[in-house]
Amino acid sequence: MSDHRRVYGTDRGEDSRPLPGRTYTELCEGPLDGQLLDVTGWTDDALTKAAALITEAAAHGPGGRALYDPAPVAPGRWGADRRHPLIPAQSCAAATCS
């Protein structure tokens with residue numbers, strides 16, 4: 001079965017599927033829900049901190065940031081940081097973030 005989720009940072013016209021040999025974390029909730037973040041080569045320390053990711057769907061329009069941090073009970077998944085006032089709470093799709 002192939003993975004059809006889009007990798008964060010890829011352009012719509014290019015192949016946006018995950019590549020073999022790379023490490024990804026799933027983004028849940030917020031404007032990037034369902035996309036995969038390539039964390040290949042990230043240090044253990046970097047993987048425990050939040051990341052401000054550029055998105056065209058941010059609360060303040062194109063070029064804004066969405067904050068994501070590691071989900072404490074879901075290894076391999078990062079959730080939108082709902083403590084941040086610019087990110088509305090959204091429910092995670094059951095198929096991607098159970």
Evaluate the side-chain proximity of [Y] to [X]: yes if any heavy-atom separation is below 4.5 Å, no if none is.
{"X": "Tyr68", "Y": "Leu37", "answer": "no"}
{"X": "Thr25", "Y": "Leu47", "answer": "no"}
{"X": "Arg6", "Y": "Leu36", "answer": "no"}

Test item: Thr40 side-chain N/O and Thr23 main-chain N/O as donor-acceptor pair under 3.5 Å: yes
Residue pairs involving residues 22-48 (criterion ring-ring contact (aromatic ring centres under 6.0 Å, His included); sequence neighbours excluded): Trp42-Trp78
Please name all residues satisfying side-chain hydrogen bond (donor to acceptor under 3.5 Å, both in side chains) with Asp44, sequence neighbours left out, ordered by chain then number. none
When rounded to the nearest 0.5 angstrom, what is the spacing between [atom1] in [X] and [atom2] in [Y]?
{"X": "Leu27", "Y": "Tyr8", "atom1": "CG", "atom2": "OH", "value": "8.5 Å"}
{"X": "Glu26", "Y": "Leu32", "atom1": "CD", "atom2": "CG", "value": "12.0 Å"}
{"X": "Leu67", "Y": "Thr55", "atom1": "CG", "atom2": "OG1", "value": "11.5 Å"}

Considering all heavy atoms, the nearest Arg65-Ala52 contact: CD-O, 4.1 Å
side-chain contact (heavy atoms from CB on, under 4.5 Å) with Thr48: which residues, sequence neighbours excluded? Asp45
